[in-house]
Structure formats: C-alpha cells, structure tokens
Amino acid sequence: MKKACKIYDEKTIGKFVDNELSSEKSKTISEHIETCPICDSITAKYNHLSNIFVQSTSKQLDKIDTDLLGQNVLEQIKREENNFFKKVFDYFSPKLYLKIASIVAIMIISLTYFQERLIRPLDIIGPSAIVNSVDGNVSSVMIFETKKSKHTIIWFSEA
Amino acid sequence: MGRFLNTIFILFVVCWICSFTNKAIAGNAVKTDVRIIHASQGQNHIDPKLSDLAEELSTVFKYTSYRLIKEKNMGLNENQKGVVKLPDERSLVVIPTRINGENIKYQINIFKSGNQVFSTQILLKNKRSITIGGPKFKNGYLLFNISGKTL
Ligand SMILES: [Zn+2]
C-alpha cells in the first residue's frame, strides 16, 4: 500500500481532478500538490484515468465520481457478456414454436429429397429403358437386360 | 401449442406443394452423359470410372477388359441434338425428343462416314442408362452407355 497524504484524501484529489471543487479550494490543492509527491502521483493517476473515461463517457464524468464511474464501466462489460447468454437463451424461449417448426420443415424437405434416393432402387425392378424401334444397316439386333439391375442393352452387328 | 401445430401444418403443405411443382418444372432440360467404352477379351482391366457399369455388363458379356475411351456430359433441351465423335469416322447423335419427370424419350443415331448405320428410339427411365454396342473396334467392340437425368 502507498503512503496516504495527511492533508487530503484520494477522493478529494479525485474531485479536484474532475473540477468538482470550488475555485478557491482547487487553488489550495494545486499549491499543495506542488509540494506533496503523494497527491501529485494521485493527480497524475486520476488524470490518466479520466482521459480514458472522457472518451467514452464524458458527460457522466461531470456528475459521477471516478470510483462509481469505474464501477459503471465494469457493469457495462458484464452486461455485454450477459447479452451473449441472453441471445442464446432467447433462441430457445419466446418464439420457440417457430424455431421448432422451421427445424421440422427442414426435416421434411430433406426427407422428400432422400425419399427419392431411398425409393429409387425399387424402380430398378423395371428395365432401365424400353426400346420402341430399331432401324439401320444392320445384320442382327439383340435387345436384352441384365439380371441384377435390369440394365437395358441393345446389341447390333453391322452389315 | 395450437399455433405451433398450425405452423407445422402450413409448412408441411408448402413442402408438399413444392415437391409437386418440382416434378412439373423438371422436363425442360436433360443431363445426358455418354460414355464410349472399348470392350475386349484382352488383358483383365476395368476402368475405375466404369466399375459400376462393368460389373453389370460382365453378367451378360464375356469381355475381360473395359476401357473408357471418351466421356461426354451434355445438357440438352427437348429436341436439341447432342453429337459425340467416335473412333473410325463414326459419330453418335442423341436427341431427347420428349422429357418428363419419369422418362426421357431419346432418338439415338449412329453414323459412319456420314451414313446412318443404326438408329433407335428408346424410352429411358429418368436417372438410368442404356448400353448400345456392336461396332467392331481394335480386337473388340465399342459400347455406348447413355444415361439421362432431368434437370
Ligand atoms: Zn498531499
């Protein structure tokens, strides 16, 4: 722990940095800081912090002391973390029926797709093609099919 | 809960209708793949790309070698001519003359030196194939495997 100043506490120095004190008191403190290394380092620290906070929350800085402001920043971070879990939670809560319905719809679509592939093999029972007519300068033509998948074959001998 | 079931029902009906329109739309074009195969009784060889077909053909033919000479994949509209050049000044012409979801009607002609030597009309089941063979080639025969699939 750092040594504390016997005249001013950190909170007062913080208010001084934030211009929350009367001009008269500000002047006294600024004179004290010139001679007190402890308050000088606290001032430097608070100046550094306020520079960071000013960028994002300049308006709040005028009204709230830095301790509370720091707390706010931490809370903001926490809230953002919670947001993620909230989103995940949201997905499973309010319009749950819509989500389940969409999942069911996807299942139906994929079923109709796979149905074709699954039922197709049954078609193999019939020949792969029906030969309506054969013509040409040929000496003989044979039409037959394989046993297993009923694959149609036309065999001709050129004249 | 009633709302949930309603939504499922509506989505189901939509999917059901979609599956019908899908079949109705099919029939504009057909993916026609032609594989030119050299079958012979030479050294045992089955082209990896022909493994499915060769297995089937070996149940009816006594050839020991099936080599893929050429493969041509065509997207053909109704009455659009698909031409595949073959060895020995031969050519194969495939025309889908009628397309529906179930079958594809093909006119298939084989020419040699510009003269038609063979022609056939077939009704091919969608997503299946037919093999036509006969022309002598290099101590063996040429086989033409034609498959059709509506787009
Ligand atoms: Zn001091």
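Order of the sequence lines fixes the chain letters, A, B, ..., with proteins taken first and strands second; residue numbering starts at 1 for each chain.
Contacts between N145(B) and chain A at a heavy-atom distance below 4.5 Å involve the side chain alone, from C-beta outward. Y106(B) does not touch chain A: none of its heavy atoms, backbone or side chain, sits under 4.5 Å away.
The residue among I130(B), L124(B), I132(B), N103(B) with the most heavy atom pairs within less than 4.5 Å of chain A is I130(B). Across I130(A), V131(A), V138(A), V141(A), the residue that shares the most heavy-atom pairs under 4.5 angstrom with chain B is I130(A).
The cluster map of Ile, Leu, Val, Met, Phe, Trp and Tyr, joined by side-chain heavy atoms under 4.5 Å apart, puts I42(A) and L21(A) in the same cluster. The cluster map of Ile, Leu, Val, Met, Phe, Trp and Tyr, joined by side-chain heavy atoms under 4.5 Å apart, puts L143(B) and M142(A) in the same cluster. Residue W155(A) is not grouped with residue V134(A) when hydrophobic side chains (ILVMFWY) are merged at heavy-atom distances under 4.5 angstrom, including chains of intermediate members. Hydrophobic clustering places L92(B) together with F156(A) (ILVMFWY residues linked when any side-chain heavy atoms are closer than 4.5 Å, directly or through intermediates). Under the 4.5 Å side-chain heavy-atom criterion for ILVMFWY residues, a single connected hydrophobic cluster contains both F144(B) and V117(B).
How far NZ of K105(B) is from CG of N132(A): 5.5 Å, rounded to the nearest 0.5 Å. To the nearest 0.5 Å, the span separating CD1 on I143(A) from OG1 on T120(B) amounts to 6.5 Å. A distance of 5.0 Å separates CZ in F118(B) from CD1 in I154(A), rounded to the nearest 0.5 Å. Taking OG1 of T152(A) as the reference point, atom NZ of K125(B) lies at 8.5 Å (rounded to 0.5 Å).
Scanning residues 33-58 of chain B against chain A with a 4.5 Å non-hydrogen threshold yields L53(B), E55(B), E56(B), L57(B), sorted by number. Annotation: residues 59-70 of chain B contacts chain A through T59(B), V60(B), F61(B), Y63(B) [non-hydrogen atoms, separation under 4.5 Å].
At most 12 heavy atoms of other shown residues, nucleotides or ligands fall within 6.0 angstrom of atom CD in E89(B).
For the pairing with E158(A), the salt bridge (Lys or Arg N to Asp or Glu O under 4.0 Å) check across K136(B), R90(B), K112(B) returns one residue only, R90(B).
Looking at S128(A), its side chain does come within 3.5 Å of a backbone N or O of S129(B) through a donor-acceptor pair.
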